[in-house]
2 protein chains.
Amino acid sequence: MGTLTETRGYAIGQMSKRTGVNIETIRYYERIGVMPAPDRTAGGNRQYNHDQLKRLHFVRRSRELGFSLGEIRALLEMADRKDFTCGEVHEMTIGHLASVKEKIANLKKLERALSGMAAECSRGDVPECPILDTLFEPG
Amino acid sequence: MGTLTETRGYAIGQMSKRTGVNIETIRYYERIGVMPAPDRTAGGNRQYNHDQLKRLHFVRRSRELGFSLGEIRALLEMADRKDFTCGEVHEMTIGHLASVKEKIANLKKLERALSGMAAECSRGDVPECPILDTLFEPG
DNA sequence: TCTTGCATCTATAGTCGCTACAGATCGTAT
DNA sequence: ATACGATCTGTAGCGACTATAGATGCAAGA
């Protein structure tokens, strides 16, 4: 039965496979306090429970969305204490969205600059290149 | 006259002001071999020449365009040896451009996901939030 | 029961690109 | 001569992991 599996919990490798988070990274999350210290087997191996699995999913999904571990810690602390409001979470999300938009804008500038440089390049076999020339310019 | 200034070279602070690169960062570039070890005054202060100023400009502009220090080192080595061709530089630029485009695409995905989550949020004073719910989901 | 062999353990160092100290010395203007 | 800012070295910290070494744990087969 699944019940037995549940009471035994998940080994770190199981957690890794289920969430896609690297084993080393899971231990790292524990070290920095993003994940709690789990139970241990008699021999000292980590044994996670279902809540901890959900928590690790949360961390991974948030990281994928570009939240920093600091932001994730803040979100998790609110969720742990249950003292958050939906408005607070919304605010954090909007703030993060703004920084994502800014990053996109900056990268688009880069994209234009790189395309421009590449377009002016003859791609020839010659040892002179407008790209390098541009980069050596002071302005 | 400017000639005197030129023979004396630039102190690290001058380099920093002219290029916008932090003093600590200039020393860091020297440590990792991106910038050469400059001459020193009798007392041991760094004295840069005009070529080194140009080189630092190159590094800064390339960093602004998102090239890694590894890529910059490669470009500089080619330029130093003068054994590069325009086509090689073009190739590196195009490769970098591709990774910039990829980053933009990924960030746009994030942007959509974050906007979607924020839109479903009531922003209320209630301690329940569809954003957190979404993040806790396994999928 | 023993052995094989993968999984996991701890601790430490490395990555990238800086940035921030502390405490000493240099250089220059008055 | 002195004051003061600039620069010096060396080291440690950041964020978010990743990699390694060497020692164990654990489960399954003979």
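Basis for what follows: all heavy atoms, side chains included, without hydrogens, waters or symmetry-related copies. Chain identifiers are assigned alphabetically (A, B, ...) following the order of the sequence lines, protein sequences preceding nucleic acid strands; residue numbering begins at 1 within each chain.
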To the nearest Å, how far apart are [X] [atom1] and [N] [atom2]?
X        : N       : atom1 : atom2 : answer
Ile72(A) : dG15(D) : CD1   : P     : 13 Å
Arg73(A) : dC17(D) : CZ    : C1'   : 14 Å
Ile23(B) : dG10(D) : CD1   : P     : 18 Å
Gln47(A) : dC9(C)  : CD    : C1'   : 13 Å
Glu30(B) : dT9(D)  : CD    : P     : 7 Å
Ile26(A) : dA16(D) : CD1   : P     : 17 Å
Lys17(B) : dG5(D)  : NZ    : P     : 13 Å
Glu71(A) : dA16(D) : CD    : C1'   : 14 Å

* Structure fact -> From the list Asp80(A), Asn49(A), Thr19(A), side-chain hydrogen bond (donor to acceptor under 3.5 Å, both in side chains) partner of Arg55(A) resolves to Asp80(A)
* Structure fact -> Nucleotide by nucleotide, nucleotides 16-23 of chain C touches protein heavy atoms under 4.0 Å in the pattern (B base, S sugar-phosphate only, - none) -BBBBB--
* What is the minimum heavy-atom distance between Leu135(B) and Arg61(A), and which atoms define it? -> O-CG, 3.8 Å
* Contact summary for Arg40(B) and Glu30(B), nearest pair of heavy atoms ->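 That would be NH2-OE2, 3.9 Å.
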* Pick base, sugar-phosphate or nothing for Ile32(A), based on heavy-atom distances below 4.0 Å to the nucleic acid. => nothing
* Asked: Just by distance, do the side chain of Ser16(A) and the backbone of Val21(A) share a donor-acceptor pair under 3.5 Å?
  ->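 It does hold such a pair.
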* Got a donor-acceptor contact below 3.5 angstrom from the Gln14(B) side chain to the Ala11(B) backbone? ->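 Side chain of Gln14(B) to backbone of Ala11(B): no pair is present.
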* Parallel, tilted or perpendicular: rings of Tyr10(B) and His50(B) (30°, 60°) -> tilted
Which atom pairs link the protein and nucleotides 26-30 of chain C when you take only N or O atoms and keep those under 3.5 Å?
unit_1	atom_1	unit_2	atom_2	d
dG27(C)	OP1	Thr41(B)	OG1	2.5
dG27(C)	OP1	Gly43(B)	N	3.4

* Are there more than 12 heavy atoms of other residues, nucleotides or ligands under 6.0 Å from atom CD of Glu91(A)? ->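 No, the 6.0 Å shell around CD holds no more than 12 heavy atoms from other groups.
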* Asked: Is Arg46(B) near enough to dT7(D) that one of its side-chain N or O atoms lies under 4.0 angstrom from OP1 or OP2?
  ->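 No, no such contact exists.
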